[in-house]
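Along the sequence shown, the residues carry numbers beginning at 1.
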Amino acid sequence: MPTPKVFIIRHGETEWSLSGKHTGRTDIPLTANGEKRVLATGRAMVGPDRLIVPGKLDHIYVSPRKRAQRTFELLNLGLPGGALPWEPHGENPCEGLRCAAAVQVTDDIREWDYGDYEGITSPEIRQIRADQGVEGGRWDIWHDGCPGGESPQDVTERLDRLIHEIREKYHRRVLERTHPDPAATGNVLIVAHGHILRALALRWSGLPLDAGPTFLLEAGGVGTLSYEHHNLDEPAILLGGAFVVGDE
């Protein structure tokens, strides 16, 4: 039996991701190029002989921000009856291969709340902190968090809540072979944002957010979380996932 996986996808390119502005609460659209790249990602990575097999997804989590929702719409997934839990953000939403998994919008996977640092770049943040007397303008979001926004502990708490839900609702019964549906895979898809998905990978591994190593995830990029030895107590980062052949 294959080991359950969590596929994580960062939303496509926006004007602010291009310029390096921190985008948390601000709801901005994908660029035209961002949409094209997400479409290409869906064709390359989603399919019966691809990394993400639509018919083998058990659940989908999407951020409440429209840039993440639009990214999901453009993946190569088709939902029965247009079952999006939001109004589409553009043309041709969810046109692709049949996927019966439920789509859930959750605040637990929204982007880090940057507070006072919303809409500004890292060099600008360091200058602000230098002006405030912070030595060298030092700023590390994984350690310092964001004034007026979220701390690393805030983010850790909501991600740990999500991880617990995924493991208990979708993974444990598959790994322990007690799921009532023998075809269930436990596979979960998450479409969200850069910092929060990098933080999710750290917490998935049981590491504090400031422990490192630094994980990177490009706009529109795909990553995979799983387990070693088919064991819930051995969470792992799947550095390279193979395409599926002949399973569907």
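- One distance of note links CG of Asn187 with CG of Asp58; it measures 6.5 Å at 0.5 Å rounding.
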For side-chain contact (heavy atoms from CB on, under 4.5 Å), just list the numbers for Leu159 and Asp108, CA-CA rounded to whole Å, side-chain angles, deciding distance to a tenth of an Å, and then say yes or no. CA-CA 6 Å; Leu159 289 178; Asp108 283 345; over 6 Å; no
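- For the pair Arg167 and Trp204, the cation-pi criterion (under 6.0 Å, within 45° of the ring axis) is fulfilled.
- By the 4.0 Å N-to-carboxylate-O rule, Arg70 lies close enough to Glu35 to be salt-bridged with it.
- Dense packing is recorded around CZ of Arg110, with more than 12 heavy atoms of other residues, nucleotides or ligands lying under 6.0 Å away.
- Ring pair Trp139/His22: centre-to-centre distance below 6.0 Å.
- Nearest heavy-atom pair across Gly149 and Asp154 is O-OD2, 4.2 Å.
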Might you work through the side-chain contact (heavy atoms from CB on, under 4.5 Å) test for Asp233 and Tyr227, ending with a clear yes or no? CA-CA 8 Å; Asp233 295 324; Tyr227 305 92; over 6 Å; no
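- Heavy-atom neighbours of Glu218 CD from other residues, nucleotides or ligands within 6.0 Å: at or below the threshold of 12.
- Counting all heavy atoms, side chain and backbone alike, Ile109 lies closest to Val62 at CG2-C, 3.9 Å.
- Contact detail for Leu79 and Cys99: the closest heavy-atom pair is CD2-O, 3.6 Å.
- Of the possible polar contacts, none joining the Gln104 side chain to the Ile60 backbone as a donor-acceptor pair under 3.5 Å is found.
- Taking every heavy atom of both residues into account, Ile52 and Pro54 meet most closely at O-CD, 3.4 Å.
- Salt bridge Lys66/Asp27: absent, no basic N to carboxylate O contact under 4.0 Å.
- With respect to the salt-bridge test (charged N to carboxylate O, under 4.0 angstrom), the residues Arg158 and Asp107 do not qualify.
- Aromatic ring centroids of Trp142 and His195 lie under 6.0 Å apart.
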From CA spacing to verdict: side-chain contact (heavy atoms from CB on, under 4.5 Å), Thr41, Leu39: CA-CA 5 Å; Thr41 295; Leu39 284 168; over 6 Å; no
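- Judged by distance alone, with hydrogens and angles left aside, the side-chain atoms of Asp131 form no donor-acceptor pair with the main-chain N or O of Ile128 at under 3.5 Å.
- Smallest separation of non-hydrogen atoms from Thr23 and Lys21: OG1-O, 3.1 Å.
- Between Tyr170 and His59, a ring centre-to-centre spacing shorter than 6.0 Å is recorded.
- Summarising the local packing, CD of Gln153 is surrounded by more than 12 heavy atoms from other residues, nucleotides or ligands at distances under 6.0 Å.
- Looking at Asp144 and Arg138, a side-chain N of the basic residue comes within less than 4.0 Å of a carboxylate O on the acidic one, giving a salt bridge.
- Expressed to the nearest 0.5 Å, how far CG of Leu202 lies from OG1 of Thr156 amounts to 9.0 Å.
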Full working for side-chain contact (heavy atoms from CB on, under 4.5 Å) between Thr3 and His229: CA-CA 8 Å; Thr3 304; His229 304 129; over 6 Å; no
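- Note that CD1 of Ile190 and CZ of Phe72 are 12.5 Å apart. Values are rounded to the nearest 0.5 Å.
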